[in-house]
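First the structure, in the form of structure tokens, and then the observations on it.
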Amino acid sequence: MVEQAAEAIVAAAARGIFLPGDRLVEAEIARDLGISRVPVREALRLLESQGIVVSTPYKGMRLMQITNRNVAELMRVRTALETLALREISGSGPATPERLAPAWRAAERYEAVSSGPDAAAIVAADEAFHGELCRLSGNGVLHGLWLSVARQLSVVWGLGHDVRPKPRIAQEHREILERLSRGDAAGAQAALDAHLAWHEDLDFERQVERRRLGKNRA
């Protein structure tokens with residue numbers, strides 16, 4: 001139940017219900033989820049340990065702040081992990097259809113949900129695809145590190161998921177896998193680099209301001 005509460009809070013952030021810097025009130029979250037406050041309290045502590053929630057004396061728990069600088073730092077770490085994942089996949093034998101099947105299923109899942117209205121489902125499917133690349137590396141430490149930042153990435157992706165056309169994102173997922181399946185390590189890396197560069201042109205601080213303005217008007 002703690003994990004489910006944590007996922008619900010991250011999903012709410014991906015949907016824009018919670019925006020960076022918003023106060024997260026334990027009692028209100030518990031009421032909305034229809035559960036007791038204890039698992040919500042533990043979920044908030046878990047998210048605090050993962051950097052998604054920040055506890056400030058006399059101000060309570062708040063969703064992590066988003067700045068252009070911390071997004072750039074997070075993305076550099078994410079890029080380094082996924083670059084290593086591709087290197088490990090390419091260096092540990094042929095990327096057979098059977099081996100890549102879980103990643104293909106994740107790519108198909110993203111394509112299926114990306115035309116829908118649920119931002120949280122779209123963000124979760126994108127996260128699942130990239131997480132699968134890291135898992136397929138066979139490097140447990142790498143995958144564990146990726147999981148440790150995945151929820152922070154979900155908050156960032158929630159702000160930027162609607163910036164680029166979803167069919168283009170789905171095609172980029174397929175291109176990465178196609179190049180891996182052909183043994184084209186350099187091409188797979190180039191496809192990944194192009195895929196991950198989208199954030200460089202987005203002003204996340206302004207995006208938060210726009211979301212907050214729209215939320216206040218609603």
Side-chain angles (χ1 to χ4, degrees), residues 7-8 10-17 66 71-72 74-90 94-139 142-143 145-147 149-204 207 210-211:
E7 287 294 331
V10 173
R15 293 186 180 106
I17 296 170
I66 292 291
V71 169
L74 180 62
M75 289 300 188
R76 285 199 297 273
V77 171
R78 177 260 184 109
T79 299
L81 291 172
E82 294 191 35
T83 294
L84 179 57
L86 292 193
R87 193 179 306 153
E88 300 267 278
I89 293 170
S90 298
T96 62
E98 294 76 15
R99 187 178 173 201
L100 292 180
W104 276 113
R105 287 195 292 271
E108 290 163 1
R109 172 64 180 164
Y110 175 83
E111 192 165 4
V113 303
S114 63
S115 60
D118 188 349
I122 295 169
V123 167
D126 202 6
E127 177 189 322
F129 172 78
H130 290 277
E132 197 59 49
L133 286 181
C134 291
R135 191 189 69 78
L136 288 174
S137 72
N139 185 325
L142 185 160
H143 188 221
L145 289 171
W146 194 92
L147 290 173
V149 299
R151 281 177 166 156
Q152 290 188 50
L153 288 169
S154 290
V155 177
V156 171
W157 288 340
L159 292 169
H161 78 92
D162 55 353
V163 172
R164 302 172 67 230
K166 306 298 188 302
R168 178 179 173 186
I169 296 172
Q171 176 57 39
E172 289 172 357
H173 288 166
R174 290 194 297 270
E175 184 176 357
I176 293 167
L177 295 179
E178 286 167 358
R179 290 182 177 273
L180 282 174
S181 68
R182 295 199 296 267
D184 181 4
Q189 184 60 57
L192 178 69
D193 290 342
H195 178 61
L196 300 186
W198 65 271
H199 73 278
E200 295 172 1
D201 298 323
L202 183 60
D203 187 334
F204 284 89
Q207 192 78 346
R210 289 172 178 166
R211 292 283 184 91

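One is the number of the first residue; the rest follow in order along the sequence.
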Worksheet item: Could you go step by step and tell me if Leu84 and Ser137 meet the side chain to side chain contact (heavy atoms under 4.5 Å, CB included) rule?
Response: CA-CA 8 Å; Leu84 179 57; Ser137 72; over 6 Å; no
Look up atom [atom1] in [X] and atom [atom2] in [Y], then write down how far apart they are to the nearest 0.5 Å.
{"X": "Leu145", "Y": "Asn139", "atom1": "CG", "atom2": "CG", "result": "8.5 Å"}
{"X": "Ser181", "Y": "Ile176", "atom1": "OG", "atom2": "CD1", "result": "12.0 Å"}
{"X": "Trp198", "Y": "His161", "atom1": "CH2", "atom2": "NE2", "result": "10.0 Å"}

Which pair of non-hydrogen atoms, one from [X] and one from [Y], has the smallest distance, and what is that distance?
{"X": "Ala119", "Y": "Ala14", "result": "CB-O, 3.7 Å"}
{"X": "Phe129", "Y": "Ala106", "result": "CA-CB, 3.7 Å"}
{"X": "Leu180", "Y": "Ser90", "result": "CD2-OG, 3.6 Å"}
{"X": "Val113", "Y": "Ala121", "result": "CG2-O, 3.8 Å"}
{"X": "Leu142", "Y": "Ala85", "result": "CD1-N, 3.6 Å"}
{"X": "Leu136", "Y": "Ala103", "result": "CD1-CB, 3.6 Å"}

Answer yes or no: is there a side-chain heavy-atom contact under 4.5 Å between [X] and [Y]?
{"X": "Gln207", "Y": "Ile66", "value": "no"}
{"X": "Leu177", "Y": "Leu133", "value": "yes"}
{"X": "His173", "Y": "Asp126", "value": "yes"}
{"X": "Tyr110", "Y": "Ile122", "value": "yes"}

Suppose we screen for salt bridge (Lys or Arg N to Asp or Glu O under 4.0 Å). Which residues come up paired with [X], at least two apart in sequence or across chains?
{"X": "Glu7", "result": "Arg151"}
{"X": "Asp162", "result": "Arg211"}
{"X": "Arg174", "result": "Glu111"}

How would you list, by chain and number, every residue that makes a side chain to side chain donor-acceptor pair (under 3.5 Å) with [X], sequence neighbours excluded?
{"X": "Glu108", "result": "none"}
{"X": "Arg76", "result": "none"}
{"X": "Ser114", "result": "none"}
{"X": "Asp118", "result": "Arg15"}

Check side-chain contact (heavy atoms from CB on, under 4.5 Å) between [X] and all other residues, then give those that pass, not counting sequence neighbours.
{"X": "Arg182", "result": "Glu178, Arg179"}
{"X": "Glu172", "result": "Arg164, Arg168, His195"}
{"X": "Arg78", "result": "Met75, Glu82, His130, Trp146, Leu153, Trp157, Leu196"}
{"X": "Gln152", "result": "Ile52, Met64, Leu74"}

Worksheet entry | Selection residues 129-138 - residue pairs positive for salt bridge (Lys or Arg N to Asp or Glu O under 4.0 Å), sequence neighbours left out | Glu132-Arg135
Discussion item. Donor-acceptor check, side chain of Ser154 to backbone of Ala150, threshold 3.5 angstrom: yes or no?
Written reply: yes
Practice prompt. Answer yes if the side chains of Asp193 and Gln189 hold a donor-acceptor pair under 3.5 Å, and no otherwise.
Written response: yes
